[in-house]
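Here the structure comes first, spelled out in C-alpha cells, and everything after it is commentary.
The sequence lines fix the lettering, A, B, ..., with proteins before strands; numbering per chain opens at 1. Heavy-atom basis, side chains included; hydrogens, waters and symmetry copies ignored.
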Amino acid sequence: MAASDLNLRQTLFCGQCFRWEENPDGVFSGIAFGKKCVIRQEENKSLTDDPIWRTYFDLDTDYGFLQKRLSGISPVLSEAVQYAPGIRILRQDFWEALASFIISQNNNIPRIRGIIARLCENFGEKFNDGYAFPEPQKLLGLLPEDLSSLRCGFRARYLLDAAQKVCAGEIDPVSLQKMPLEKAKTQLMTICGVGPKVADCVLLYGLHRMEAFPMDVWMKRAMKTLFPGMKPEDFGQGAGLAQQYIFYYSRQHPELFLEKNSLKLSDSKKFCSGRKL
DNA sequence: GCCCAGGGTGTTT
DNA sequence: AAACACCATGGG
C-alpha cells in the first residue's frame, strides 16, 4: 500500500533531485547513498524491501493523509495535488542536497544536471557504471580554479565554503535536524552562497523538514497567480509538500503565466538584478 | 534599500 | 543573430 502511490516520474523529475535519468524504455536509474538503483514504475513495490530505498523514497510516510489535509485548504491546491499525487519528498543525503542547491542558484535544470554530473565524475568514487556523489572532504583545501572543469562559474567558491564548513562541523546535519526551522535556516545561511531560497531547499530536501517552503521565481509567479494573498505559513505543517505540488503543476502548465511573462519585457530584465514579483 | 556581476546553456524573438 | 531566462546571492 505504501509504495503503490509512488510515481517515479513525478517524484524524480519534479525539481528536487538532479541525478536520475529515465531511459526511453521506461527504466529509471539513479545513484543515492553510494548505491545504484535501476527500476521500472511497475516494479516500484519492490522498493519497500530495501531499507535504503524505502527511506529514500519516504515510503513510510502516509501521503494520503497529508494530501487530504492540503486539499482542504484550497480548490486550486486540491487540483495541483490531483495532478501529481505520486510525488514524494525524497530523503536525500544532506551534503548532496546542500551542494546541489548551491549549484542550482540562478541556473537552469539541464545545466545544473551537467555540473553535478561533472562534479561526480571528477571527484566522486567510481563504481559499476557510475559515480558516487563526492564527499565534502574531497573538496577540502581546493581552490576555485581546481573546480574549473565543472564550469560552475561563480558558484565554485560557494561549494568550497560549504565543504569546509561541513568538514569542520560548523554545519552539522544532526544538530540542524533538532533545531527550530528558523534557527536551522539562519545557521545554513552562514555558508557563503546560501541565501533564503537555497537554505529552504536544503531544509526540505536534505533534512526533510516539511515546513520549509522554497520560494523560487516559479513559485513566486504561481503564488501570485494561483494563490493571491496567501503566504507559505497558510499551508501549515506540510507547506513544503504543498510547494512541490504547486511547483510541479506550474512547470507543467507554463501557459498559466504566459500573459504575465510577455506583459513587460522591462520587468523581466530586472529579474537578473534581483527584484521582481 | 538599490544595483550590478558572474558563467554557461537552453529557449524565444 | 541576438536577447532572454534561469530553482539567488554577495558585495559595493
Side-chain angles (χ1 to χ4, degrees), chain A residues 10-20 80 84 87 89-90 92 96-119 143-162 164-165 185-206 209 212-225 232 239-277:
Chain A
Q10 291 169 5
T11 298
L12 298 172
F13 299 101
C14 67
Q16 61 176 323
C17 58
F18 302 100
R19 295 199 70 203
W20 287 80
I87 288 181
I89 304 294
L90 297 170
Q92 301 184 67
E96 178 170 340
L98 173 58
S100 296
F101 283 94
I102 285 174
I103 290 166
S104 80
Q105 66 180 253
N106 194 42
N107 215 341
N108 54 62
I109 289 170
R111 185 166 173 237
I112 296 163
R113 294 176 63 92
I115 293 170
I116 293 174
R118 291 190 290 275
L119 174 65
L143 300 169
E145 50 263 41
D146 297 322
L147 301 186
S148 60
S149 60
L150 307 184
R151 282 177 288 151
C152 66
F154 57 88
R155 302 165 191 85
R157 69 187 186 94
Y158 300 165
L159 274 179
L160 296 177
D161 189 57
Q164 187 272 319
K165 285 191 165 64
K185 184 169 174 176
T186 306
Q187 188 90 247
L188 283 166
M189 286 170 61
T190 62
I191 301 168
C192 182
V194 175
K197 157 66 172 61
V198 173
D200 277 330
C201 287
V202 176
L203 288 166
L204 182 58
Y205 306 124
R209 296 291 292 258
F213 194 99
M215 268 285 210
D216 71 316
V217 180
W218 287 87
M219 282 306 298
K220 284 175 186 166
R221 279 199 287 250
M223 289 301 289
K224 197 172 184 178
T225 311
L241 181 60
Q243 178 268 163
Q244 209 60 42
Y245 293 126
I246 297 165
F247 182 76
Y248 188 81
Y249 185 83
S250 305
R251 299 281 328 225
Q252 302 291 316
H253 296 89
E255 72 278 3
L256 290 172
F257 310 102
L258 276 182
E259 201 185 345
K260 310 267 170 197
N261 281 344
S262 54
L263 202 64
K264 264 191 178 180
L265 279 175
S266 56
D267 273 354
S268 38
K269 249 182 201 168
K270 285 184 192 164
F271 158 72
C272 271
S273 36
R275 313 143 302 297
K276 156 109 173 125
L277 300 174

Set of side-chain hydrogen bond (donor to acceptor under 3.5 Å, both in side chains) partners for [X], sequence neighbours left out:
| X | answer |
| --- | --- |
| A/Tyr249 | A/Glu79 |
| A/Lys197 | none |
| A/Trp218 | none |
| A/Gln16 | none |

**Request:** Check each residue of residues 187-194 of chain A for a non-hydrogen atom within less than 4.0 Å of any atom in DNA chain B, then write out the ones that pass by number, or none.
**Result:** none
**Asked** Under a 4.0 Å heavy-atom cut-off, which of residues 148-159 of chain A touch DNA chain B?
**Response** A/Arg151, A/Gly153, A/Phe154, A/Arg155
Can you measure [X] atom [atom1] to [N] atom [atom2] for me and round it to whole angstrom units?
| X | N | atom1 | atom2 | value |
| --- | --- | --- | --- | --- |
| A/Arg113 | B/dG10 | CZ | C1' | 14 Å |
| A/Arg111 | B/dT9 | CZ | C1' | 7 Å |
| A/Ile112 | B/dG10 | CD1 | P | 12 Å |
| A/Asn106 | B/dG8 | CG | P | 14 Å |
| A/Arg118 | B/dT9 | CZ | C1' | 10 Å |
| A/Leu147 | B/dG7 | CG | P | 12 Å |
| A/Ile115 | B/dG8 | CD1 | P | 9 Å |
| A/Lys197 | C/dC6 | NZ | P | 13 Å |

**Message:** I'd like the P distance from C/dT9 over to B/dT9, given in whole Å.
**Reply:** 22 Å
**Item:** Separation between the P atoms of B/dA5 and C/dC4, rounded to whole Å
**Value:** 15 Å
Taking side-chain contact (heavy atoms from CB on, under 4.5 Å) as the definition, give me every residue that meets it alongside [X], ordered by chain and number, with sequence neighbours left out.
| X | result |
| --- | --- |
| A/Ala212 | A/Leu181, A/Asp200, A/Leu203, A/Leu204 |
| A/Gln187 | A/Ile171, A/Leu176, A/Met179 |
| A/Ala162 | A/Trp95, A/Leu98, A/Ile102, A/Ile191 |

**Fill in**
Tightest non-hydrogen contact, residues A/Arg151 and A/Arg118, listed as NH2-NH1, 3.3 Å
**Prompt:** Closest heavy-atom contact between A/Ile89 and A/Gly240?
**Reply:** CD1-O, 4.4 Å
If you look at every strand shown and take non-hydrogen atoms under 4.0 Å, does [X] touch a base, only sugar-phosphate, or nothing?
| X | result |
| --- | --- |
| A/Ile109 | base |
| A/Pro214 | nothing |
| A/Gln244 | nothing |

**Complete:** Testing B/dG10, B/dG8, C/dC6 for proximity to the side chain of A/Pro110, the answer is B/dG10
**Request:** Name all pairs fulfilling the side chain to side chain donor-acceptor pair (under 3.5 Å) condition that reach into residues 152-162 of chain A, sequence neighbours left out, sorted by first residue then second.
**Result:** A/Asp161-A/Lys165
**Asked** In chain order, what residues pass the ring pair (Phe, Tyr, Trp, His ring centres under 6.0 Å) check against A/Tyr205, with sequence neighbours excluded?
**Response** A/Phe101
**Request:** For DNA chain C, just give me the dot-bracket, please: Watson-Crick or G-U, both distances below 3.5 Å, ( ) intra-strand, [ ] crossing earlier pairs, | paired with another strand, . unpaired.
**Result:** ||||||..||||
**Request:** Assess whether side chain to side chain contact (heavy atoms under 4.5 Å, CB included) is satisfied between A/Gln92 and A/Cys17, documenting all intermediate values.
**Result:** CA-CA 8 Å; A/Gln92 301 184 67; A/Cys17 58; 3.6 Å; yes
